[in-house]
Amino acid sequence: MERVNYTVLTEFILTGVPHPPRLRTFLFVFFLLIYILTQLGNALILITVCADTQLHARPMYIFLGALSVIDMGISTIIVPRLMMNFTPGIKPIPFGGCVAQLYFYHFLGSSQCFLYTTMAYDRYLAICQPLRYPVLMSAKLSTLLVAGAWVAGSIHGAIQAILTFRLPYCGPNQVDYFFCDIPAVLKLACADTTVNELVTFVDIGVVVASCFSLILLSYIYIIRAILRIRTADGRRRAFSTCGAHVTIVTVYYVPCAFIYLRPDSHSILDGAAALFPTAITPFLNPLIYTLRNQEVKMALRRMVGSQSTKSEV
């Protein structure tokens with residue numbers, strides 16, 4: 001039997017986002033601002049939820065604090081590496097760094113997916129079962145649901161990373177993407193990737209489809225309950241409590257479905273779509289949840305007011 005010798009790769013080169021060279025400085029500054037504002041905005045929400053006694057024990061804001069941690073993590077994993085592609089020279093990523101980036105992206109991304117589902121269930125209980133809500137959704141239960149989302153996400157990320165990097169990679173080492181993700185990395189494997197592509201499609205498809213179906217089902221019941229409210233003001237307030245969640249879910253799920261549920265596609269639009277869950281959504285989350293949430297804005301005012309009072313004393 002003929003023996004094939006493989007030269008094991010020790011690093012990958014990420015090609016980044018296609019861009020005109022004259023826009024390199026602008027794009028670097030743009031994504032730097034996106035990253036800074038993402039970290040500051042999500043950190044502000046996290047501090048506000050933890051510091052305000054009226055928020056930190058309520059399930060909705062426990063979920064919101066966990067979402068801020070995930071957004072900060074995803075942004076940190078992806079955006080700084082993306083920015084390096086807008087600087088001169090070739091900056092390879094070590095093989096181990098590529099494994100870690102793929103694992104943590106899918107770990108945090110799937111945890112976010114599960115968290116969005118629990119947030120939809122929380123809104124369903126708050127609107128459709130308002131009298132039983134304090135019993136059905138306690139702070140302890142919401143903390144356990146967040147922990148469950150993290151555990152499930154870590155298992156999902158580990159499965160995807162193990163399946164992807166169990167294959168031999170012997171060259172070339174140029175990843176036609178701006179971060180180490182499954183479809184782009186599998187193109188470089190020196191083996192048949194049919195099983196990997198099938199498992200990725202089924203695994204991610206099941207997670208995305210099941211989570212999205214549960215969210216959709218929750219909102220069908222929510223809309224039915226809201227339409228039974230007799231006053232226009234009552235309907236408006238009920239819709240406003242769900243508006244931010246619906247907006248973020250749409251921005252998150254549509255690009256993910258576009259990227260992962262088309263296994264045979266190698267469109268250049270995949271890179272543009274991937275910017276939404278990796279850079280844009282983490283940036284938008286704090287803006288949407290603070291601008292549309294009166295309780296968060298009031299908590300921010302209380303926190304700023306207390307700091308001003310302390311400084312005057």
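Distance alone, capped at 3.5 Å, is enough to place a donor-acceptor pair between the Ser154 side chain and the Val151 backbone. Between the Lys140 side chain and the Met137 main chain, no donor and acceptor come within less than 3.5 Å of each other. Of the possible polar contacts, one joining the Asp192 side chain to the Thr194 backbone as a donor-acceptor pair under 3.5 Å is found. Counting only distance, with no hydrogens or angles, the side chain of Ser138 and the backbone of Val135 share no donor-acceptor pair below 3.5 Å. Thr193 contributes no side-chain N or O that, together with a main-chain N or O of Ala189, makes up a donor-acceptor pair within less than 3.5 Å. The closest donor-acceptor contact from the side chain of Thr15 to the backbone of Val175 lies under 3.5 Å. Listed for the Thr117 side chain is a donor-acceptor partner under 3.5 Å among the backbone atoms of Cys113.
Between the side chains of Asn196 and Arg166, a donor-acceptor pair is found at a separation under 3.5 Å. Residues Tyr116 and Gln112 have side chains that bring a donor and an acceptor to within less than 3.5 angstrom of each other.
Note on residues 24-106: pairs passing disulfide bond (SG atoms under 2.5 Å apart), not counting sequence neighbours, are Cys98-Cys180. Listed by first and then second residue, the salt bridge (Lys or Arg N to Asp or Glu O under 4.0 Å) pairs that reach into residues 53-79 are Arg58-Glu295, sequence neighbours excluded. The ring pair (Phe, Tyr, Trp, His ring centres under 6.0 Å) pairs that include a residue from residues 77-97 are Phe12-Phe95, His19-Phe86, Phe31-Phe86, Phe95-Phe165, where partners are two or more places apart or lie in different chains.
Side-chain heavy atoms closer than 4.5 Å link hydrophobic residues (I, L, V, M, F, W, Y) into clusters, and following such links, even through other members, never connects Phe63 to Leu144.
In this view, Phe212 and Tyr253 satisfy the ring pair (Phe, Tyr, Trp, His ring centres under 6.0 Å) rule, not counting sequence neighbours. Phe107 is linked by a ring pair (Phe, Tyr, Trp, His ring centres under 6.0 Å) to Tyr103, Trp150, counting only residues two or more places apart in sequence or in another chain. Residues satisfying the side chain to side chain donor-acceptor pair (under 3.5 Å) criterion with Arg228, sequence neighbours excluded, are absent altogether.
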side-chain contact (heavy atoms from CB on, under 4.5 Å) evaluation trace for Met84 with Ile93: CA-CA 11 Å; Met84 292 177 65; Ile93 181 172; over 6 Å; no
Criterion side-chain contact (heavy atoms from CB on, under 4.5 Å) on Tyr133 and Leu125, from CA distance to verdict: CA-CA 6 Å; Tyr133 177 77; Leu125 291 178; 3.6 Å; yes
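Closest non-hydrogen pair, Val79 versus Ala279, comes out as CG2-CB, 4.0 Å.
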